[in-house]
Amino acid sequence: MATSIRTIRNPWLRRLAEYGIITISIFIMAVGVYFFKFPNHFSFGGVTGLSPVISCLTDCSASGFTFLANMGLLVLGFLFLGASVGIKTVYASLMLSAFLSIMEQICPLDAPLTSQPLLELCFAVLLPAIGSAILFNIGVSSGGTDIVAMILKKHTSLNIGSALFAVDALSVVLAFFVFDPETSLFSTLGLTAKSLMVDGLIENMNLCKCFTIVCDDPDPICQFIIRELHRDATVYEAQGAFTHHDKSVIMTTMRRPQALRLRNYIRRTQPGAFIMISNSSEIIGKGFLAG
């Protein structure tokens with residue numbers, strides 16, 4: 001997704017696409033937070049995890065505390081992550097608070113939507129994790145402790161999931177003192193699941209296919225890769241260990257839809273070719289992640 005945005009040449013259209021993705025991601029997060037996290041007092045996920053605790057202890061609403069805390073943490077974002085990330089994070093934080101406030105006005109909730117807390121926990125984890133993964137993938141934070149996680153990721157060796165787990169654990173600890181043991185245990189489970197899910201979703205979004213193709217005639221395959229798939233390849237000569245026949249080895253990397261087309265083409269035109277396909281979620285270079 002991040003790569004496809006970077007391929008848009010018009011800077012205004014690229015900026016519009018970025019903010020469109022941010023808006024959609026924040027809306028997905030807000031739905032998960034407001035309809036599934038807040039009513040059940042699930043206390044995981046940073047500021048929105050602390051919100052039920054603070055709301056229970058004070059007269060401040062959960063959405064109001066989310067707004068105030070995000071504004072304070074945004075200062076850290078400008079200081080440590082730079083102005084470009086900070087501006088987008090300001091927008092994301094304001095949109096999250098706005099969506100939560102609108103949902104609070106349009107659809108006030110006095111109780112959970114269902115009587116199945118485990119089912120609601122699944123959606124309370126899944127929806128914010130999807131939104132967070134999309135945002136992290138384009139280098140944007142939704143605000144709150146996500147800013148702290150991005151700072152830790154930038155200045156330490158922690159991955160995003162570990163960073164989120166470290167900075168979000170406080171809300172879970174507080175839940176044990178404020179709510180009943182059942183809610184606290186659900187919050188602990190939710191925090192663990194979210195941390196693992198964010199990393200998994202980011203890896204899946206960036207997943208590419210790496211091809212190693214051993215064949216007799218590399219030219220048609222290379223022409224298909226260049227002209228039809230708009231990718232490049234590296235070709236080198238090799239020799240079969242058993243037959244001692246000369247072979248050509250083609251190495252190339254591409255996105256999954258392109259990989260399916262290439263695999264089908266090779267199987268159709270050169271069924272005797274030997275193909276090795278592996279997965280990679282971190283490829284640095286032209287056409288992929290910036291170095």
Minimum-distance pair of heavy atoms, taken over all atoms of [X] and [Y]:
| X | Y | result |
| --- | --- | --- |
| Arg255 | Leu207 | NH1-O, 4.3 Å |
| Phe179 | Ser184 | O-OG, 4.1 Å |
| Met29 | Ser132 | CE-OG, 3.8 Å |
| Thr253 | Arg231 | O-CD, 3.9 Å |
| Ile28 | Gly131 | CG2-N, 4.4 Å |
| Pro52 | Gly49 | CD-O, 3.2 Å |

Under 3.5 Å, which donor-acceptor pairs link side chains of residues 120-127 to any protein atom two or more places apart or in another chain?
residue	atom	partner	partner atom	Å
Glu120	OE1	Asn40	ND2	2.6
Glu120	OE2	Leu113	N	3.1
Glu120	OE2	Thr114	N	2.5
Glu120	OE2	Thr114	OG1	2.9

- Task: Determine, stepwise, if the pair Ile250 / Ile225 fulfils side-chain contact (heavy atoms from CB on, under 4.5 Å).
- Result: CA-CA 10 Å; Ile250 305 171; Ile225 293 172; 4.2 Å; yes
- Look at the aromatic rings of Phe99 and Phe27 and report parallel, tilted or perpendicular, splitting at 30° and 60°. perpendicular
- How are the rings of Tyr19 and Tyr91 set to each other: parallel, tilted or perpendicular (split at 30° and 60°)? perpendicular
- Arg256 atom CZ, neighbour heavy-atom count above 12 within 6.0 Å: yes
- Query: So does Phe67 have more than 12 non-hydrogen atoms from other groups sitting under 6.0 Å from CZ?
  - Reply: no
- Task: With sequence neighbours excluded, tell me which residues meet side-chain contact (heavy atoms from CB on, under 4.5 Å) with Gln105.
- Result: none
- Task: Considering only Ile, Leu, Val, Met, Phe, Trp and Tyr, and joining two whenever side-chain heavy atoms are under 4.5 Å apart, list the other residues clustered with Val214.
- Result: Tyr236, Val249, Met251, Phe274, Met276
- Between Ile277 and Ile266, is there a shared hydrophobic cluster once you connect ILVMFWY residues whose side-chain heavy atoms come closer than 4.5 Å? yes
- Item | Worked check of side-chain contact (heavy atoms from CB on, under 4.5 Å) between Phe38 and Ser51 | CA-CA 8 Å; Phe38 283 174; Ser51 296; 3.8 Å; yes
- Would you check, one step at a time, whether the test side-chain contact (heavy atoms from CB on, under 4.5 Å) holds for Ile221 with Cys215? CA-CA 9 Å; Ile221 298 175; Cys215 61; 4.0 Å; yes
- Apply the test side-chain contact (heavy atoms from CB on, under 4.5 Å) to residues Glu182 and Asp180: give CA-CA distance (whole Å), side-chain angles for both, the deciding distance (0.1 Å), then the verdict. CA-CA 6 Å; Glu182 180 179 342; Asp180 57 273; 3.2 Å; yes
- Task: Starting at OG of Ser171, measure out to CG of Leu50 and round the result to the nearest 0.5 Å.
- Result: 5.0 Å
- Query: Once you round to the nearest 0.5 Å, how far does CD1 of Ile21 lie from CG of Leu135?
  - Reply: 9.5 Å
- Message: Between Phe42 and Phe36, is the ring centroid distance below 6.0 Å?
- Response: no
- Any side-chain donor-acceptor pair under 3.5 Å between Ser278 and Lys209? no
- Message: Could you check whether Glu237 pairs with Lys247 (Lys NZ or Arg NE/NH1/NH2 to Asp/Glu carboxylate O, under 4.0 Å)?
- Response: no
